[in-house]
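Just so you know, these numbers use all the heavy atoms, side chains as well, and skip hydrogens, waters and symmetry mates. On a predicted model such as this, the values are computed, not experimentally measured, just so you know.
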Amino acid sequence: MTSDAHPLADRARRLATDLLAPAAERVDQEGLPAGHIRAVRESGLLGLNAPVEYGGSAAPSAVGRETAEILAGACCSTWFVITQHYTPVKLLVDAPPPVRERLLRPLARGELLAGIAYAHVRAFPRVPVRAVPERGGWRFEGTVPWYTGWGLNDVMLLAGVTDDAEVVFAFAEAREQPGLRPSPPLRLAALSATRTVTLELDGLWLSGDAVVLRTPRERFALVDRPRNTNASPAVFGVARAALALLDEAPGAEAAGTARSLRARLEEVREQAYALWDHPVPHERVEERLALKTRAYDLMRDATTAAVVAGGGRSLDLAGRAQRLAREGMFLLVQGQTAEVRRFHLGHLGG
């Protein structure tokens, strides 16, 4: 079964067409409503990568990429909140029984929505969040610079680094509590609707049964590297949405530009996804980064073309072209590491 024919891809497409895309400009300005999250929960998409025996769909990775493209192209804010959910689900599959049996089924069935608070681990040797063993559990101290989905998520996957450079991943309730205090929602140039906050951790204690994984920091970096060196499906989703908007513009020039950009985008997409499926995910890094930056270029060209075709109307905050252009700007730095930044800047410098 191809990703296009998979029931989850079909559900994502209906959700995007019927709900997400028509409301995307309003959501961008007013915030992500609980109704969007409820619709995602009911769609079964939160169980996309979860085992069937726990109520999930165990869909192939190609289906995950396709649904990400569809949702990001329709409403990048909605996509970004729910995409946080999939890493906690994946980690729970091999987690110790107490935390796995408590959380995997409700997460797979959409009864709970998970967020993530571990991107700061990539800043090592700087340690924004420290994990300290205490009373049979772990105490977390420091600052999580970015946490997405506050007030929408039920639980979060939190990570801290020990004095021995071990990364400790554990689940916490996504609510204000002793040792955990959120900032007001951050005002962002794009995706402010995602209810992104900073979390201050001042002695948050989590029991040993909340721990999902303990791993050396070097091992985390190796496993984490493909997440950042591969081209994001969301980039292709936003680019495709911009090209669809360009298709609607009058004039032969707009149509010709759309055809040219679409052909190049599909070529890069095919090559990038072939590397996604490579049996050794941390190999061929230079090639992955080259395709990632080419995808960025094409997304930027597509969103710019949509803005140009729309003329002055593109500056209206109710206009789709400027929203897609700002979402594209967000994707340029989403999940960025020092390695990705160096390569991208080198590419832009010619």
Side-chain angles (χ1 to χ4, degrees), residues 49 80-81 83-96 99 103 107 114-134 137-150 153 155-174 179-183 186 194 196-208 210-230 232 234 281-282 285 288-289 292 330-344:
N49 67 335
F80 192 54
V81 169
T83 198
Q84 318 286 315
H85 181 86
Y86 297 119
T87 296
V89 168
K90 185 176 181 180
L91 281 183
L92 277 169
V93 172
D94 296 316
V99 66
L103 289 176
L107 288 171
I116 56 174
Y118 71 78
H120 50 270
V121 175
R122 297 169 183 146
F124 192 87
R126 191 165 56 85
V127 180
V129 176
R130 190 169 301 279
V132 181
E134 183 179 281
W138 293 87
R139 187 180 79 248
F140 291 84
E141 303 275 357
T143 300
V144 176
W146 303 92
Y147 179 79
T148 293
W150 186 259
N153 308 132
V155 295
M156 71 171 79
L157 179 66
L158 172 64
V161 180
T162 70
D163 289 341
D164 296 326
E166 182 181 49
V167 185
V168 180
F169 290 87
F171 273 97
E173 292 186 34
L180 190 161
R181 185 178 70 256
S183 72
L186 302 177
T194 58
T196 297
V197 299
T198 294
L199 299 178
E200 294 298 332
L201 305 174
D202 182 18
L204 175 67
W205 183 84
L206 299 175
S207 72
V211 173
V212 183
L213 177 68
R214 293 171 56 182
T215 186
R217 205 279 316 173
E218 293 85 355
R219 175 63 183 167
F220 164 80
L222 183 66
V223 173
D224 185 57
R225 201 178 189 194
R227 297 190 187 108
N228 308 299
T229 56
N230 281 323
S232 168
H282 54 269
V285 169
R288 294 175 195 273
L289 287 170
K292 183 184 183 80
F330 168 83
L331 293 173
L332 293 178
V333 298
Q334 184 252 326
Q336 185 189 65
T337 62
E339 178 183 34
V340 172
R341 182 168 54 250
R342 285 193 300 269
F343 193 97
H344 196 179

Worksheet item: Under the salt bridge (Lys or Arg N to Asp or Glu O under 4.0 Å) test, which residues partner R341, sequence neighbours left out?
Response: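 Salt bridge (Lys or Arg N to Asp or Glu O under 4.0 Å) check on R341 returns nothing, list empty.
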Item to complete: Begin with the C-alpha distance, continue with both residues' side-chain angles, and end with the deciding distance and a verdict on side-chain contact (heavy atoms from CB on, under 4.5 Å) for W150 and L199.
Response: CA-CA 10 Å; W150 186 259; L199 299 178; 3.9 Å; yes
Under 3.5 Å donor-acceptor, [X] side chain and [Y] backbone:
| X | Y | answer |
| --- | --- | --- |
| T215 | R219 | no |
| E141 | G203 | yes |
| R181 | D202 | no |
| T143 | E200 | no |
| H85 | N153 | no |
| H120 | A159 | yes |

Practice prompt. Could you tell me whether the side chain of F171 reaches within less than 4.5 Å of the side chain of V212, counting heavy atoms only?
Written response: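 Result yes, sub-4.5 Å side-chain heavy-atom pair found.
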Worksheet item: Is any side-chain heavy atom of Q84 closer than 4.5 Å to a side-chain heavy atom of T194?
Response: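 Counting from C-beta outward, Q84 and T194 never come under 4.5 Å.
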Discussion item. How about CH2 on W146, more than 12 heavy atoms from neighbouring residues, nucleotides or ligands closer than 6.0 Å, or not?
Written reply: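 No.
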Discussion item. How close do V161 and A165 get, counting heavy atoms only, and between which atoms?
Written reply: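 The pair with the smallest heavy-atom distance is CG1-CA, 3.9 Å.
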Item to complete: Might you point out which heavy atoms bring P145 and T198 nearest each other, and give the distance in Å?
Response: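 The answer is O-OG1, 3.0 Å.
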Discussion item. Once ring-ring contact (aromatic ring centres under 6.0 Å, His included) is applied, do any residues pair with F169, and if so which ones, sequence neighbours excluded?
Written reply: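 F169 satisfies ring-ring contact (aromatic ring centres under 6.0 Å, His included) with Y118, F220 only.
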Practice prompt. Give the C-alpha distance, both sets of side-chain angles, the deciding distance and a yes or no for side-chain contact (heavy atoms from CB on, under 4.5 Å) between L201 and L158.
Written response: CA-CA 11 Å; L201 305 174; L158 172 64; 3.9 Å; yes
Practice prompt. Please name all residues satisfying side chain to side chain contact (heavy atoms under 4.5 Å, CB included) with N228, sequence neighbours left out, ordered by chain then number.
Written response: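 Here the qualifying residues are R122, D224, T337, V340.
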Worksheet item: Looking at NE2 of H282 and CZ of R225, how far apart are the two atoms once the value is rounded to the nearest 0.5 Å?
Response: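 Here the rounded value is 9.0 Å.
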